[in-house]
Amino acid sequence: MKIVAIVGARPNLIKVAPLLDALAKRPHVETVLVHTGQHYDERMSDYFFRDLGIREADHYLRVGSGSQAVQTAQVMFALEPLLIQLLPDLVVVVGDVNSTLAATLVAAKLHIRVAHVEAGLRSFDRTMPEEVNRVVTDSLSDLLFTTEQSGVDNLRSEGVSDEKIHFVGNVMIDTLLKHRERALSLGLPARFGVEPGTYAVVTLHRPSNVDDDPMLGRFIDVLAAVQDTMPVLFPVHPRTRARLEEFGLAERVADLKNLQLLEPQGYVEFIGLLAQARIVLTDSGGVQEETTILGVPCLTLR
Ligand code: UD1
Ligand code: UDP
């Protein structure tokens, strides 16, 4: 059996790692790993191959950044001839990014079966690009692997038949549990000059939060207040870094003396920081789940 696994963005790598490990144990399965190149910075991609022991991708499509339609179309354009050449029995997609949607569309039109890992999640807000990606991916997928009961309920209420739905748990959390001890042993907080249990970790990257000048300014006001009461560590996503510059907010953030702007962190480093934080403020879907398992209070910034 030939399976093509698709990755494109940072969270995809964290989700696909345990799947690749499991598939590698099955001698009758040949797995081909395709990286679309949606995320391409060393800190958004290569670090995760290194930290999670993911083997090198067999094919790298180099699509890079673009508008919603351009990025989705570039993945489709590059992936179609590859899937025609590979003719897999199954394409596995994870999460809800543009690479997930694009790969699903290409595979479905080539009559290749699609498995969606992390199916059924809904925000019920179609202004979010991810929500459109989830709805379309789920409606075209043949196998829907869900992480929580709400995923099952949402799919059922959309009329998906029970045979397609498999409630299997959360691969992102499998990765977390595998690496948690190593992350804790590294003493990460000290590297950034903070004491365990005393600091806040912040991440922000949703377009609705960071692409709007007044909205991002209000979040900076909030962070200014938080750093008056505790040290703040803020690994900045490249989208957010670009917006801080564009909106002329970078200097204001740099002036906040108790807030450290960090580069995007490698996986083990980030989990090491997260696990010992006093509080986490985030708009990341994955980080909300991880803090739940780690037992760290999390405020969702939406
Ligand atoms: C994407 C996903 C989002 C996910 C996030 C994880 C979509 C629609 N969005 O959002 O669901 O939560 O990834 O991090 O698929 N950039 C770089 N270097 C990189 C990657 C991006 O500089 O390696 C910059 C570019 O300016 C780019 C911007 O970040 O335009 C946004 O990247 P993109 O992949 O379009 O969306 P994300 O905001 O990363
Ligand atoms: N993450 C990381 N380094 C960082 C920020 C996040 O390793 O600097 C990890 C985080 O632990 C989680 C994943 O990236 O596993 C979440 O990705 P992101 O927030 O980019 O996307 P989302 O989950 O919102 O789709």
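The figures that follow rest on heavy atoms only: side chains count, while hydrogens, waters and symmetry mates do not. Counting convention: from 1, in listed order, for ligands and their atoms alike. Along the sequence shown, the residues carry numbers beginning at 1.
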Chemist: Atoms of ligand 2 less than 4.0 Å from Pro235 heavy atoms?
Modeler: 8 (O)
Chemist: Would you say ligand 2 has an N or O under 3.5 Å from any N or O of Thr203?
Modeler: no
Chemist: Side chain, backbone, both or neither: which part of His205 has a heavy atom under 4.0 Å from ligand 2?
Modeler: side chain
Chemist: Heavy atom to atom 23 (O) of ligand 2, shortest distance: which of Gly286, Gly95, Pro11 holds it?
Modeler: Gly286
Chemist: For His237, take its heavy atoms, then give the atoms of ligand 1 lying under 4.0 Å from any of them.
Modeler: 14 (O), 37 (P), 38 (O), 39 (O)
Chemist: Determine the minimum heavy-atom distance between Phe234 and Val202, stating which atoms define it.
Modeler: CD1-O, 3.3 Å
Chemist: For ligand 2, note which part of Phe270 has a heavy atom under 4.0 Å away: side chain, backbone, both or neither.
Modeler: side chain
Chemist: Give the single entry among Gln38, Glu42, Met44 that approaches atom 33 (P) of ligand 1 most closely by any heavy atom.
Modeler: Gln38
Chemist: What's the shortest distance from atom 24 (O) of ligand 2 to any protein heavy atom, and which residue and atom give it?
Modeler: Gly285 N, 3.0 Å
Chemist: Answer yes if the side chains of Ser150 and Glu148 hold a donor-acceptor pair under 3.5 Å, and no otherwise.
Modeler: yes
Chemist: Just jot down the ligand 2 atoms closer than 4.0 angstrom to any heavy atom of Met172, in number order.
Modeler: 12 (C), 13 (C), 15 (O)
Chemist: Nearest protein heavy-atom contact for atom 25 (C) of ligand 1: which residue, which atom, what distance?
Modeler: Ser65 OG, 3.4 Å
Chemist: Enumerate the atoms of ligand 1 whose separation from the nearest heavy atom of Arg206 is less than 4.0 angstrom.
Modeler: 3 (C), 4 (C), 11 (O), 12 (O)
Chemist: Going by the atom numbers of ligand 2, which of them fall below 4.0 Å from some non-hydrogen atom of Glu290?
Modeler: 10 (C), 11 (O), 12 (C), 15 (O)
Chemist: Please identify which atoms of ligand 1 are closer than 4.0 Å to at least one heavy atom of His205.
Modeler: 4 (C), 5 (C), 6 (C), 12 (O)
Chemist: Evaluate the ring planes of His237 and His39, with Trp represented by its six-membered ring, and classify them as parallel (under 30°), tilted (30 to 60°) or perpendicular (over 60°).
Modeler: perpendicular
Chemist: Please list the nearest protein heavy atom to atom 24 (C) of ligand 1 with its residue and the distance rounded to 0.1 Å.
Modeler: Pro238 CB, 3.8 Å
Chemist: Students should be able to answer this: which protein heavy-atom is nearest to atom 36 (O) of ligand 1, and at what distance?
Modeler: Arg239 NH2, 3.4 Å
Chemist: Please report the C-alpha distance between Gln38 and Asn98 in whole Å, then the side-chain angles of each, then the deciding distance to 0.1 Å, and finally whether the side-chain hydrogen bond (donor to acceptor under 3.5 Å, both in side chains) criterion is met.
Modeler: CA-CA 8 Å; Gln38 176 172 346; Asn98 285 344; 5.4 Å; no
Chemist: Check ligand 2 against Gln265 and write out every atom of the ligand that is under 4.0 Å from a heavy-atom position of the residue.
Modeler: 2 (C), 3 (N), 4 (C), 7 (O), 8 (O)
Chemist: Would you call the rings of Tyr60 and His35 parallel, tilted or perpendicular, taking 30° and 60° as the class edges?
Modeler: perpendicular
Chemist: Regarding ligand 1, does Asn133 bring an N or O atom to under 3.5 Å of one of the ligand's N or O atoms?
Modeler: no
Chemist: Which atom pair, heavy atoms only, marks the closest approach of Thr31 to Asp58?
Modeler: O-OD2, 4.0 Å
Chemist: If you measure from each heavy atom of Ala242 to ligand 1, is any distance below 4.0 Å?
Modeler: no
Chemist: Using a 4.0 Å cut-off to any heavy atom of Tyr267, which atoms of ligand 2 qualify?
Modeler: 7 (O), 15 (O)
Chemist: Heavy-atom pairs closer than 4.0 Å: do any link ligand 2 to the side chain of Val97, the backbone, both, or neither?
Modeler: neither
Chemist: Can you name the closest pair of heavy atoms from Phe48 and Arg43 and give their distance?
Modeler: CE1-O, 3.3 Å
Chemist: Going by the order shown, which atoms of ligand 2 are within less than 4.0 Å of some heavy atom of Pro264?
Modeler: 8 (O)
Chemist: Identify, by atom number and element, the atoms of ligand 2 in contact range of Ile271, meaning under 4.0 Å from any of its heavy atoms.
Modeler: 11 (O)
Chemist: Check Val210 against Leu216 and note the closest heavy-atom contact, atom names and distance.
Modeler: O-CD2, 3.7 Å
Chemist: Could you pull out, from Leu204, Ile14, Leu233, the option with a heavy atom nearest to atom 9 (C) of ligand 2?
Modeler: Ile14
Chemist: With a 4.0 Å cut-off on heavy atoms, does Arg206 reach ligand 2?
Modeler: yes
Chemist: Does an N or O from Ser284, backbone or side chain, lie closer than 3.5 Å to an N or O of ligand 2?
Modeler: yes
Chemist: Going by heavy-atom distance to atom 17 (O) of ligand 2, choose the closest among Arg10, Glu118, Lys15.
Modeler: Arg10
Chemist: Find all atoms of ligand 1 within a distance of less than 4.0 Å from any non-hydrogen atom belonging to Glu130, and give their numbers and elements.
Modeler: 3 (C), 9 (N), 11 (O)
Chemist: Give me the nearest non-hydrogen protein atom to atom 7 (O) of ligand 2 as residue plus atom name, then the distance to 0.1 Å.
Modeler: Phe48 CE2, 3.2 Å
Chemist: Are any of the N/O atoms on Glu263, whether in the backbone or the side chain, positioned under 3.5 angstrom from an N/O atom of ligand 2?
Modeler: no
Chemist: Below 4.0 Å from any atom of ligand 1, is there a heavy atom belonging to Gln68?
Modeler: yes
